[in-house]
Amino acid sequence: MEQKLAELKHRLATVSDLHHASALLGWDQQTYMPPRGANARAEQLATLDRLAHEFFIDDAVGKLLDELTPALAHLGYDSDDTSLLRVAQRDYAKAKRVPPELVEELSRAAALAYEAWTHARQESNFKLFQPHLEKIVALEIKQANYLGYTEHIYDALLDQYEPEMTTAQVQAIFAEVKKELVPFARAVIANSDRVDSAVLHREYAAQKQWDFGVEVINRMGFDFQAGRQDKSVHPFTTGFGLGDTRITTRIDLNFLPTALFGTIHECGHALYDMGSPAQFERTPLAGGASLGAHESQSRLWENIVGRSRGFWHHYFPRLHEFFPAQLADQNVESFYRAINQVKPSFIRVEADEVTYNLHIMLRFELELALIEGKLKVADVPEAWNAKIQEYLGIIPPNDAQGCLQDVHWSSGSFGYFSTYSLGTFFSAQLWDTATRDLPTLPAQIERGEFAELLQWLRVNLHQHARKFTLDELARKITGEPLQTHAWMRYLKTKFGEIYGV
Ligand code: ZN
């Protein structure tokens, strides 16, 4: 068995190397590649991805998994080797079920749809994107049927991003949140004039924004010997194995939060990856458990820590040294309120903590209706506008600020959106548990000390890497299933105080 396990690990290591090489090319594409490199790069990426897929779905891998799984079951569910087999088996089954022709068709359709979407968004003309989205939806339905499901067709798509999570679970979670969130958001919005955020729109020199962000993430524990930060149009985190995690940020001269909170957010993702145990290197266990688990880390650092009053007690004087003129009329309190302004907005990525999840619920509901065949692609703009009016009381002036704003549908990422909210809810659940274990955490943050929080996350979450599902992790770490009341309580306390509701 030892020898067979070694052989399996060797094969999986090859797949991991190919994925990392592909990720490096993808990182370069979004950071430094000159525009005319796009065609050659698409071919290189396709080749590497195909090779990785072929190596992985090789029958020999399936045979090894089948032989080793019963043979090593006695080690117990939590053991590294059993977990490796379980996770690899799950990935293998999924990869094997979808015919390569469909993978190729989806990737081609997505490449074309992405081009069309960019154009449609620029022109704010949904009709230009519509035929592509129709094609994508049809292919996603086809893919879901190949992947298989027991209850709901959407389960198959969701499972790609949030393993073992079901549509019914997400619906139940969202329904519960909505009951309290919708009236609370309304009450806060009715008092929105209590907060002035004009300070954020002054002009902030790019290099200073960059330097301040680097100072903050250094302190958070981002290891520049094991990672780097660059600029890209859309910020993201990627990595090529332990010791090389990459984050990107973008800078808006006239909107301070873009770079500042974007940098902290991506650093949260990076710290998770940087905390993946060395023994999982080049195996499917390396990295984060799921997109929801990942988002819990980015949002915990960005919002619960980075947008807290305590954090700015420490950092406002420092930021003031960087920008004395822009912040001359500000103090900790006015700045804290400004960065926590709640305002109904059209664009999800710029939304505040209160309205953000309503943007997600809208997308989840529309996606579900599309996959169920209850909503026609042609009717998406109208359905979108009706929902955002229902949730936020606003109607986008055009589709660029409405249903054309996100990249996800053009890339065929159906099933993705809800993980943003699941991660947000989990972040508050983690914070509750962390502060129960370590009651001095808030005081540490007021002093700009993050080491103990990071250590707590390392021990409780990061060290498990991909071994467990989001719900398993929630139970293991917090003693409860994934739930929303911690987040709701956090939200109401924080924004209730700011807005006096
Ligand atoms: Zn994120």
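First listed ligand is number 1; within each ligand, the first listed atom is number 1.
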TODO: Tell me whether H294 has at least one N, O or S atom under 2.8 Å from the Zn ion (ligand 1).
DONE: no

Open item on the list: How wide is the angle at the Zn ion (ligand 1) spanned by H269 NE2 and H265 NE2, rounded to 10 degrees?
Closed with: 100°

Task: Distance-minimising heavy-atom pair for E295 and T419 - done: CB-O, 4.0 Å

Open item on the list: Does the structure place the NZ or CZ of R307 under 6.0 Å from the centre of the six-membered ring of F261, at an angle of no more than 45° from the ring's axis?
Closed with: yes

Open item on the list: Using a 6.0 Å distance limit plus a 45 degree cone around the ring axis, check whether R363 lies over the aromatic ring of Y420.
Closed with: no

Open item on the list: Just so I know, are the side chains of R489 and D432 near enough to count as touching, which here means a heavy-atom distance under 4.5 Å?
Closed with: yes

Task: Under 2.8 Å: N/O/S of E295 next to the Zn ion (ligand 1) - done: yes

